[in-house]
Amino acid sequence: MTAGMPVALVDCNSFYASCEQVFQPRLQGRAVVVLSNNDGCVVARSREAKALGIKMGEPWFQARHRLQGQGQAEAVTALSSNYALYADMSNRVMRILGRFSPRQEVYSIDESFLELDGLPEPPEVTGQRIRATVLRWTGLPVCVGIGPTKTLAKLANHLAKQDPAWAGVCDLAVLDAGEVERLLAPIPVAEVWGVGQRLAQRLGALGIETALDLRRAPSKRIRQHASVMLERTALELRGIACLDLETLSPDKQQIRCSRSFGATVSSLAELTEAITTFTSRAAEKLRAQQGEAAAIAVEIRSSAFRRDAAAYAASRVVPLAAPTADTRALVAAARAGLNRLYKPGPAYAKAGVILLDLSRAAERQPDLFADSSADDRSQVLMATLDQINRRFGRGSLTLANARPAPRWRRREQFRSPRYTTRLDELPVAHC
DNA sequence: TCTGGGGTCCTAGGACCC
DNA sequence: TCTGGGGTCCTAGGACCC
């Protein structure tokens with residue numbers, strides 16, 4: 001644990017909403033919200049949408065009703081999420097950020113840590129160049145937080161977003177302790193990275209209500225009442241680096257694919273279709289990291305928001321005979337699990353699968369008794385399947401019972417075109 | 001009518017063993 | 001009536017993140 005080099009957290013402002021505004025300039029300066037799968041919840045809000053009191057994660061039908069009551073419904077544009085667009089824009093942003101430091105951790109779709117060390121200029125100046133470059137090359141606004149630790153960089157980013165006086169870049173690493181403490185004093189402890197609502201409540205009972213309180217809390221007291229994780233967080237708030245920059249993204253330990261349905265389903269046949277589709281998608285992701293799964297979990301449930309007698313949720317883990325990345329073997333196991341879980345009656349609202357016990361295919365000990373030629377044939381077939389789906393679009397080639405347009409498919413009433421990843425949906429400039 | 005999806009890590013407690 | 005102690009492994013559940 002050392003006093004670290006300055007680290008920056010670069011975070012796109014209202015990322016999904018900003019992506020939409022880049023390609024639909026008439027949305028700039030307007031309240032825009034982006035909705036989750038099935039147009040269910042609000043997952044991104046433009047600044048103007050936040051100002052209208054729309055909450056993150058709020059069910060859209062509730063927000064809409066409230067806004068209608070206030071005569072504000074017309075002021076908001078709601079869009080279905082367009083992940084193809086956001087993922088592509090994210091890749092562009094991350095590549096640009098990589099030019100500013102050889103040490104980069106891509107933390108999420110819209111956030112990246114950068115180590116700012118050995119620069120010929122003050123980090124704050126680099127921060128401003130990052131903002132200007134990303135804006136000019138992608139149209140997306142970002143804020144930059146800088147600190148001696150990742151946790152302080154996160155908090156600095158929060159400050160930069162909150163107070164326009166920072167002009168989008170807040171560097172805590174250059175401030176003395178007194179100035180840092182003055183800035184942390186008004187920040188609720190729940191804003192600190194790693195402290196959620198539950199923990200904030202418990203800390204409140206101990207008299208720890210702000211980021212400053214947590215910074216000053218004795219380690220022993222924290223360990224007594226919470227976890228070693230929180231103790232690390234408190235040290236990070238004091239400028240003692242406990243969290244390394246993770247420049248290599250590790251393989252996933254589990255791969256999940258689950259969806260709420262656009263319309264509830266009751267029949268085993270339809271659930272089988274859904275589970276087949278989800279397993280195929282998860283297997284694709286598994287092969288993309290050269291992995292194999294030794295088990296698969298299947299889950300089905302009725303709506304979590306209805307408390308009637310028919311409420312039903314069940315899951316089951318099915319071990320595989322041998323670790324595999326073959327869609328056919330995974331689907332067979334998932335279907336076996338589903339058959340054990342299924343009971344007629346409930347209106348199923350959601351289903352999913354999780355690939356578990358993952359390992360690298362290349363590191364597996366060969367099974368002396370297995371037919372290795374079957375293994376080779378499977379790999380060739382799966383590689384071909386993935387290649388075709390990459391070239392012609394996801395779902396071009398599927399197992400026989402994964403149908404293309406099932407009744408339970410998601411609702412997406414308001415999706416914008418996939419401007420950057422589909423030739424037939426390119427933006428058109430009218431001259 | 002209408003309530004997301006995909007991850008990680010830690011901990012408590014049970015099973016099992018000597 | 002009284003029923004060890006400690007280690008390891010696994011799993012389920014909780015909390016957190018975006």
Side-chain angles (χ1 to χ4, degrees), chain A residues 9-16 33-45 54-66 68 78 80-83 86-87 90 105-113 150-151 154 157-158 189-203 223 225-233 242-243 246 249-264 278 281-282 285-286 289 294-295 297 299 301-307 313-317 319 347 349-358 410-414:
Chain A
L9 177 71
V10 185
D11 188 326
C12 300
N13 304 352
S14 312
F15 180 56
Y16 299 166
V33 297
V34 176
L35 307 177
S36 63
N37 178 42
N38 273 329
D39 297 336
C41 293
V42 173
V43 293
R45 309 156 294 157
I54 302 171
K55 296 278 173 277
M56 181 69 179
E58 190 178 8
W60 172 234
F61 75 92
Q62 284 175 4
R64 198 182 53 217
H65 287 173
R66 189 182 62 246
Q68 276 163 357
S80 307
S81 42
N82 183 347
Y83 282 103
Y86 311 147
S90 172
E105 174 183 342
V106 176
Y107 177 66
S108 75
I109 193 165
D110 71 333
E111 281 173 81
S112 177
F113 289 102
K150 289 166 88 174
T151 304
K154 272 279 216 183
N157 193 285
H158 171 77
V189 73
E191 294 294 338
V192 174
W193 191 33
V195 181
Q197 287 307 320
R198 281 314 232 291
L199 210 42
Q201 239 174 22
R202 274 166 53 198
L203 291 174
R223 214 170 330 127
H225 293 97
S227 66
V228 291
M229 297 284 284
L230 191 68
E231 190 186 348
R232 276 205 291 261
T233 297
C242 304
L243 305 172
E246 283 164 39
S249 52
D251 289 343
K252 307 243 179 290
Q253 297 174 34
Q254 51 176 245
I255 292 172
R256 175 187 306 247
C257 183
S258 68
R259 292 283 180 281
S260 301
F261 299 136
T264 57
F278 300 160
R281 178 69 191 119
K285 293 191 218 170
L286 177 65
Q289 70 171 32
E299 190 179 2
R301 63 180 317 135
S302 59
S303 170
F305 300 94
R306 300 258 180 87
R307 298 229 162 76
S315 69
R316 185 178 194 91
V317 177
K350 182 175 180 176
V353 301
I354 311 171
L355 303 182
L356 301 164
D357 296 346
L358 307 189
R410 73 164 168 273
R411 292 185 299 270
E412 44 173 7
Q413 240 183 303
F414 322 107

Exercise. How would nucleotides 7-18 of chain C be written as a contact map, 5' to 3', with B for base contact, S for sugar-phosphate-only contact and - for no contact, using protein heavy atoms under 4.0 Å?
Worked result: --------SSSS

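One finds the CD atom of Glu111(A) at 11.0 Å from the CZ atom of Phe15(A) (value rounded to the nearest 0.5 Å). Separation of atoms CZ (Arg232(A)) and CE (Met229(A)) is listed at 5.5 Å; rounding is to 0.5 Å. The distance from atom CD1 of Ile54(A) to atom CZ of Arg66(A), rounded to the nearest 0.5 Å, is 7.0 Å.
Checked against the 6.0 Å centroid criterion, the rings of Trp60(A) and Phe414(A) do not qualify as a close aromatic pair.
With the nearest nucleotide of DNA chain B identified for both Met229(A) and Lys252(A), Lys252(A) has the one nearer the 5' end.
Asn157(A) places a side-chain N or O within 3.5 Å of a backbone atom of Leu9(A) that can act as its donor or acceptor partner.
One C1' atom belongs to dG4(B), the other to dC17(C), and the distance between them is 15 Å to the nearest Å.
Qualifying side-chain contact (heavy atoms from CB on, under 4.5 Å) partners for Lys350(A), counting only residues two or more places apart in sequence or in other chains: Ser258(A), Ser260(A), Arg301(A). Among residues two or more places apart in sequence or in another chain, the salt bridge (charged side-chain N to carboxylate O under 4.0 Å, His left out) test is passed with Asp251(A) by Arg360(A). A search for side-chain contact (heavy atoms from CB on, under 4.5 Å) contacts involving Lys55(A) returns Glu58(A), not counting sequence neighbours.
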Which atom pairs link the protein and nucleotides 3-5 of chain B when you take only N or O atoms and keep those under 3.5 Å?
| residue | atom | partner | partner atom | Å |
| --- | --- | --- | --- | --- |
| dG4(B) | O4' | Ser36(A) | OG | 2.7 |
| dG4(B) | O3' | Asn37(A) | ND2 | 3.3 |
| dG5(B) | OP1 | Asn37(A) | ND2 | 2.4 |
| dG5(B) | OP1 | Ser260(A) | N | 2.5 |
| dG5(B) | OP2 | Ser260(A) | OG | 3.0 |
| dG5(B) | OP2 | Lys350(A) | NZ | 3.4 |
| dG5(B) | O3' | Arg259(A) | NH1 | 3.1 |

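Contacts of Arg232(A) with the nucleic acid, taken as non-hydrogen atoms under 4.0 Å apart, involve only primed sugar atoms and P, OP1 or OP2.
Between Lys285(A) and Leu355(A) there is no side-chain heavy-atom pair separated by less than 4.5 Å. Side-chain contact between Val42(A) and Leu35(A) is present, with heavy atoms from C-beta onward closer than 4.5 Å.
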Exercise. Could you spell out the base pairing of DNA chain C in dot-bracket, with Watson-Crick or G-U pairs whose two distances are under 3.5 Å, [ ] crossing and | to another strand?
Worked result: ....||||||||||||||

